[in-house]
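We count ligands from 1, going down the list as the structure has it; atoms in each ligand are counted the same way.
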Amino acid sequence: MVSRIIPVDPFDLVIFGGTGDLARRKILPALFRRFCAGQFPEGARIIGAARTDMSLAEYHAMVAVALSEHAEGRECAPGTVAEFLNRVMYVATDAMGEQGWSALSDLLKPTASERQSVFYFSVGPRLFGALAERLHLHGLAHEHTRIVVEKPFGHDLESAKALNAVLAEHFDESQVYRIDHYLGKETVQNLMAVRFGNMLFEPLWNSQYVDHIQITVAESVGITGREEYYDRAGAMRDMVQNHLMQLLCLIAMEPPAKFDPDAVRDEKLKVIRALDPVLPHHIVRGQFEACLDPGDPHPSYRGSVGNPRSTTESYIALRTHISNWRWAGTPFYLRTGKRLKARSSVINVMFKDAPHSIFGEEAGRHANLLSIRLQPNEGITLKVTIKEPGPGGMRLVDVPLDMTFAEALGPDGEDPPGAYERLIVDVIRGNQTLFMRGDEVEAAWGWTDPIIAGWNSRGDVPKPYASGSPGPTDADLLMRRDGREWRGINP
Ligand code: NAD
């Protein structure tokens, strides 16, 4: 098999928040895996930058622990961790003050014109503006600079606009990478390959043949460690406005003229702009209840956030429509929640029944279904109808055509890079296709804000649901009223 490791130019990658949870669990392990894969050019450096004062040896010890806990999945030669650590530096830096900035400039400036500087903002959003400002003040915001901005990108349209404006003071849009790790998943890109690389699907990809589309992002975990943030955000802001919206865009967009960042993002933006406002009776919000199971006891949502009157949703299901020629009349059902039955992210494209069954009523209904699984077990399955083998007449059964990648690529297939690995390499290479553009984020908030304002003005209270269940029963009613049902949430 031809190696898929495409070399990148030398770079410096500064992780602001280099001691934080995200850096330890995702960013550093992702960089290590790329290092093991041989994608680090000679001289590439990683610089942890955070407020904590610590020596280089202490930082290396912290990184080594993070790698041992979170960098599973790639075989590395003995001694690779030590080689990786040789590339890792640490500068105690205060985003809000002067500490560390001259040391950072001294480190980066001498090579600034020869290599890419990437600044990963893995800190709370209130620091994004301060970091952009200080990078500018210290001469580190220049033509070879790119910045990576973590979610949440704003809390509403107004704050997202303000954030975009602050970043735009010092960086061109082509230098800003707003990361959504869902877009880095192998299946998400495969979704585009399946749609636009085959003749088979695209002619059927419209309201004439598709009955409806379900997008589910279910999590079995709660909100431990994020209580304060989550109670201010809720499922709508934390998941729907970004992850589910991005998936909706990719599934519904028109074919871009080419696979180019702005061509793809233009098409995604058109989808968001064509979304109808969501009617109040097309939304169900929920909050998980306490679980007394001795195997996994935990408090209710309100107990978790320590606010017995909280009206923030830990679950949301909604029905929306895209007002354009392709999708007129096709409902899109979105749902996401915490403490659900299983961890499962899947997009189900439910095709219509055949217009007439030559096999009679007793053959039942057999519509095709294209299932795109993002996690776990990334892969795509097409459900097709065939004759049940054997004698005894014409009985129909549905069988899956499984396009699970590990099997399709065979035993020689390389372990595909994880989402953070892929996205960080894209930043270093300067490919923005899988990153959200400022106008996309604003348009998504523009659709989300009135929904949130609506339930605030109505004093809407989320419905309780049992932990470990598929969600509130009202979400089933949302479907049943339309003569449809949710696919099961399966691990
Ligand atoms: P964290 O609280 O664990 O870490 C925050 C980091 O910021 C620490 O390294 C801290 O030293 C640093 N920091 C704080 N104030 C600073 C200052 N004044 N100057 C310099 N550094 C400072 O947070 P986290 O979970 O790592 O999250 C970081 C960002 O990533 C947040 O925006 C969060 O919303 C986002 N995010 C996190 C996750 C996750 O799984 N942890 C997932 C998605 C997005």
Side-chain angles (χ1 to χ4, degrees), residues 13-31 46-55 58-59 61-63 65-66 69-70 88-104 119-135 137-138 140 147-155 159-160 163 166-167 176-185 217 219 221-235 237-244 246 336 338 343 345 375 418-421 423-424 427 435-436 441:
L13 193 152
V14 179
I15 311 171
F16 288 115
T19 58
D21 177 69
L22 186 69
R24 282 180 283 120
R25 279 193 312 111
K26 299 288 182 189
I27 304 171
L28 289 159
L31 287 164
I46 296 162
I47 298 138
R51 217 171 19 174
T52 320
D53 251 324
M54 59 166 80
S55 67
E58 285 168 325
Y59 190 61
M62 192 211 80
V63 175
V65 171
E69 288 174 355
H70 304 294
V88 178
M89 304 168 144
Y90 183 75
V91 180
T93 315
D94 184 2
M96 306 294 273
E98 283 313 307
Q99 182 201 5
W101 285 96
S102 42
L104 209 50
F119 296 96
Y120 199 128
F121 291 10
S122 180
V123 293
R126 70 189 173 83
L127 299 181
F128 294 170
L131 281 175
E133 182 71 31
R134 286 206 150 61
L135 286 172
L137 283 176
H138 292 274
L140 296 170
I147 59 170
V148 184
V149 186
E150 265 296 340
K151 81 165 207 185
F153 197 89
H155 188 73
S159 56
L163 198 46
V166 169
L167 299 182
V176 182
Y177 290 71
R178 295 172 194 81
I179 199 164
D180 179 338
H181 71 275
Y182 268 68
L183 296 186
K185 288 186 179 293
V217 177
E219 293 177 282
V221 295
I223 52 166
T224 312
R226 305 171 68 212
E227 292 84 350
E228 201 189 319
Y229 155 75
Y230 196 92
D231 202 40
R232 275 182 281 117
R237 289 187 171 99
D238 187 48
M239 297 297 290
V240 177
Q241 185 272 344
N242 38 65
H243 303 317
L244 278 88
Q246 289 294 319
T336 183
K338 300 284 184 191
R343 171 175 175 256
S345 298
Q375 62 188 22
Y420 274 89
E421 286 176 70
L423 293 174
I424 291 171
V427 179
F435 295 83
M436 295 176 291
V441 177

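- Of the protein's non-hydrogen atoms, the one nearest atom 18 (N) of ligand 1 is Asp94 OD1, 2.9 Å.
- Nearest protein heavy-atom contact of atom 44 (C) of ligand 1 is Glu150 OE1, 3.2 Å.
- Between Phe16 and Phe119, the ring-plane angle classifies as parallel under the 30° and 60° cut-offs.
- Taking any N or O of Gly20, backbone or side chain, at least one lies under 3.5 Å from an N or O belonging to ligand 1.
- The protein non-hydrogen atom at the shortest distance from atom 19 (N) of ligand 1 is Ala95 N, 2.8 Å.
- Side-chain contact between Thr19 and Tyr59 is present, with heavy atoms from C-beta onward closer than 4.5 Å.
- Checked by atom type and distance alone, the side chain of Arg24 never pairs as donor or acceptor with a backbone atom of Ala66 at under 3.5 Å.
- Of the N or O atoms in Phe128, none lie within a sub-3.5 Å distance of an N or O in ligand 1.
- Proximity of Thr224 to Tyr230: side-chain heavy atoms (C-beta onward) are nowhere separated by under 4.5 Å.
- At the top of the distance list for atom 12 (C) of ligand 1, counting protein heavy atoms only, stands Gly17 CA, 3.9 Å.
- Ranking the protein heavy atoms by distance from atom 14 (C) of ligand 1 puts Arg51 NH2, 3.9 Å first.
- Distance from atom 31 (C) of ligand 1 to its nearest protein heavy atom, with residue and atom name: Val123 O, 3.4 Å.
- Close to ligand 1: Arg25, with a non-hydrogen atom less than 4.0 angstrom away.
- Close N/O approach between Asp21 and ligand 1 is found [any backbone or side-chain N/O within under 3.5 Å].
- By the criterion of a heavy-atom distance under 4.0 Å, the side chain of Leu127, and not its backbone, is placed next to ligand 1.
- At the shortest separation from atom 24 (P) of ligand 1 among protein heavy atoms lies Leu22 N, 3.9 Å.
- Side-chain atoms of Lys151 and His243 include a donor-acceptor pair closer than 3.5 Å.
- Residues Asp238 and Tyr229 have side chains that bring a donor and an acceptor to within less than 3.5 angstrom of each other.
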